[in-house]
2 protein chains.
Amino acid sequence: MDMRCSLRDISIFVAAYEERSFTAAAERENATQSGVSQHMRNLEYMLGVQLFLRERGGVTPTPAADSFYRNCMEVLRVYALARRDVTRFAKSEAGEIHVGLMPSITSRVLSPVLDRFLQEAPNVNVRITESYSASLTQTVQAGELDFAIVPSGSSDTGVRGQFFVRTPEVLVSRASGELEPLAPVCLRALAPFKLVVPGGDNIRHHTIESYCTTNDIRIGQLLELDTMLGTLDFVAHSDWMAILPAVMMAEDGGHRALCVNPIVGPDMHVDLMLIEPIRKPMSPLAARFADLLKQEAQRVSATWNTESLRLVKPARPVAVAPGR
Amino acid sequence: MDMRCSLRDISIFVAAYEERSFTAAAERENATQSGVSQHMRNLEYMLGVQLFLRERGGVTPTPAADSFYRNCMEVLRVYALARRDVTRFAKSEAGEIHVGLMPSITSRVLSPVLDRFLQEAPNVNVRITESYSASLTQTVQAGELDFAIVPSGSSDTGVRGQFFVRTPEVLVSRASGELEPLAPVCLRALAPFKLVVPGGDNIRHHTIESYCTTNDIRIGQLLELDTMLGTLDFVAHSDWMAILPAVMMAEDGGHRALCVNPIVGPDMHVDLMLIEPIRKPMSPLAARFADLLKQEAQRVSATWNTESLRLVKPARPVAVAPGR
DNA sequence: CCTCTGCCATCAGGTTTTCCGATTGTCCCC
DNA sequence: GGGGACAATCGGAAAACCTGATGGCAGAGG
């Protein structure tokens, strides 16, 4: 269809229709009478329809103009709406970021960060890829991610890494178990217990194993589960337990179905790293997003270190009731 | 609001959004890549929002573009609708006509004429004014009507008149009365009867009176009513009768509530005139409308002359059952 | 009857916008 | 490092646009 017709034509037509006078329309639209006259002549030619009867004292719209007018009002209305809607993005710079996160981060930290980020940068396409450290490292290496958050200890060939946050590890068990929620526990006191761990190719698998070996903790039974959602559900409905980063638990202890306990004797924690492609420096947008992530991760982690827990709860024996 | 934005901008934007490439959009819109690029730069400047990220292998829309796109599609949709709707009027020449008619014409003849006329000339503003002969003549004289149809015999000062149509007069009474529908009646045989007539300043008042006088018809009681709708309703619900032009009755005898009888002995009829302002000749549109009116009026009148009635009904005595 | 006024159409011109072709710059892939 | 695909930019030509002036027309008023 012929797009020779501009919105200016339309609004001039509307003015002429409503004023029933080209002269008045010209005044209203900051144009001259001759300009309006030409516009209307072109419009009529383009539509192949006479829109106005030129009569003494002004013009009177034809039935065709009546029809066209109704539709034009709608066109202008929708156009104004489009303008208004788009201003929502006006202040924000445009861009896109693609971030890789482990499930520990996506489960609890991501949501408020997304909220905040999209509010201050609505015109940015945010893409989050959830995966495990090996896969994330590889994707970063390929330059497909702006950055990723992974547990430290990953092989870091082809990526630059920097310390991101230290978060305590916590023991997660079903809420109806024998542990008192939030009370620090010593794993040795619980042994032997049933433990769900990630698969052998996951960094955290080794971390947990070496902690137990070093501290002479005997594990009753070991189950390798490589699904975070599955692990949580399984732990919630059985007497199996899991060791997970605190950063993924809500401050209030999270799901009603789960019991969360900080691990002491000795404290157990995991360091997370931010890795990025070697070549290009992080974009300002990615940097801002990483910053928000870090703030939130630190905040959540802080609520889980044993110091702050002691502040909100009266001191209690370090070792807890007999295991099993 | 700024109307710098033309529909061309919008459709180019839509093309670029869908193609995710300025080059492809240019091809689709019969433009050059550089043109598209400039259009999009202007659009972004105008909206104050970045719409595309220029990346390797094309462009990718920002969230702002997503929003704008949805609204733009609507704008184009409504615009296309406006174009389509207006083509309905394309073949017709524009104009306006203002016609004055007596109630006899508007009640039955007008409707099919309007239908036909608006179909062949939809872009014409038709205005019908219903009134009585005196008032119509005056308005024609003032040049406010293209023409009017009035009973002949009106004073024709300041107007040009020509014969329009001859239509029989018929007697109208309630359906539940003593007359047989459609049977010709001789008024003298019914006398004395109760008759509703127009007011004394109406031509028809005199016509009817002189007919009765000439043919020695004694009228029992006379009631002057200057409302056509009121007359019909009154006649339908009482034993009063009225003498009306056949041209205003439907061929099938009209309302179920009314009984219609041609008047014979002698036949009674009225001639209608078409009057127009002295100075200007009738516009082609007005002439066409008058022509259609005449055709329809002739057709209806013809069905009411006593000849054609005898064809559809077996012959019957001319004088009917005793009046009252 | 003539003039005066208000309105629209038209015209000629200058100005702005639009459009195009060519060129440049960038990135990626080979 | 060269080649290909794509977008940005630039300069000039073409088109569109706007304007101020002029003309025609129809009423109103003297």
- Item | OP1 or OP2 of D:dT9 under 4.0 Å from side-chain N/O of B:Ser34 | no
- Message: For a quick test of reading the model: is some side-chain N or O of B:Arg54 closer than 4.0 Å to OP1 or OP2 of D:dA8?
- Response: yes
- Task: Would you mind classifying the nucleic acid contact of A:Gln38 as base, sugar-phosphate or nothing, using non-hydrogen atoms under 4.0 angstrom?
- Result: base
- Is a donor-acceptor pair below 3.5 Å formed from side chain B:Gln33 to base D:dA8, judging by atom type as modelled? yes
- Query: In whole angstroms, how far is the P atom of C:dG21 from the CZ atom of B:Phe22?
  - Reply: 19 Å
- Task: Measure the distance from CZ on B:Arg41 to P on C:dT17 and round it to the nearest whole Å.
- Result: 13 Å
- Identify whether any heavy atom of A:Arg56 sits under 4.0 Å from a base atom; if not, whether one sits that close to sugar-phosphate; answer base, sugar-phosphate or nothing. base
- Task: Check the distance between D:dC6's P and B:Glu27's CD and give it to me in whole angstrom.
- Result: 10 Å
- Message: Taking donor-acceptor contacts at under 3.5 Å, does the side chain of A:Thr32 reach the base of D:dG20?
- Response: no
- Taking atom types as modelled and ignoring hydrogens, do the side chains of B:Asn71 and A:Asp85 form a donor-acceptor contact shorter than 3.5 angstrom? yes
- Message: How close do B:Ser67 and A:Val86 get, counting heavy atoms only, and between which atoms?
- Response: OG-N, 4.5 Å
- Message: Students often mix this up, so state it plainly: with edges at 30° and 60°, are the rings of A:Phe117 and A:Phe289 parallel, tilted or perpendicular?
- Response: perpendicular
- Message: Once you apply a heavy-atom cut-off of 4.0 Å, does B:Gly35 come out as touching a base, just sugar-phosphate, or nothing?
- Response: nothing
- Give a yes/no on whether any side-chain N or O of A:Ser37 is located under 4.0 angstrom from OP1 or OP2 of C:dC8. no
- Which nucleotide, C:dC19, C:dT18, C:dA9, lies nearest any side-chain atom of B:Arg8? C:dC19
- Relative to the 5' end of DNA chain D, which residue comes earlier, B:Arg20 or A:Asn30, by the nucleotide with the nearest heavy atom? B:Arg20
- Query: Should the ring pair A:Tyr69 and A:Tyr17 be called parallel, tilted or perpendicular, given that the plane angle runs from 0 to 90° and is split at 30 and 60?
  - Reply: parallel
- Polar pair under 3.5 Å, donor/acceptor by atom type, side chain A:Thr23, base C:dG6: no
- Item | Separation of atom CG in B:Asn42 from atom C1' in C:dT16, rounded to whole Å | 13 Å
- Item | Euclidean distance, atom CD of residue B:Glu55 to atom P of D:dA8 [Å, nearest integer] | 12 Å
- note: A:Leu53, atom CG; D:dA26, atom C1'; distance rounded to Å ~ 16 Å
- Counting heavy atoms from C-beta on, name the nucleotide in C:dC19, C:dA22, C:dC8 closest to the side chain of B:His39. C:dC19
- Tell me, with the steps shown, if B:Glu74 and B:Arg77 meet salt bridge (charged side-chain N to carboxylate O under 4.0 Å, His left out). CA-CA 5 Å; B:Glu74 182 66 7; B:Arg77 197 186 65 78; 3.1 Å; yes
- Using atom CZ of B:Phe52 as one end and atom C1' of D:dA8 as the other, report the distance to the nearest whole Å. 15 Å
- Task: Whole angstrom is fine here: how far is it from CE in B:Met40 over to P in D:dC6?
- Result: 18 Å
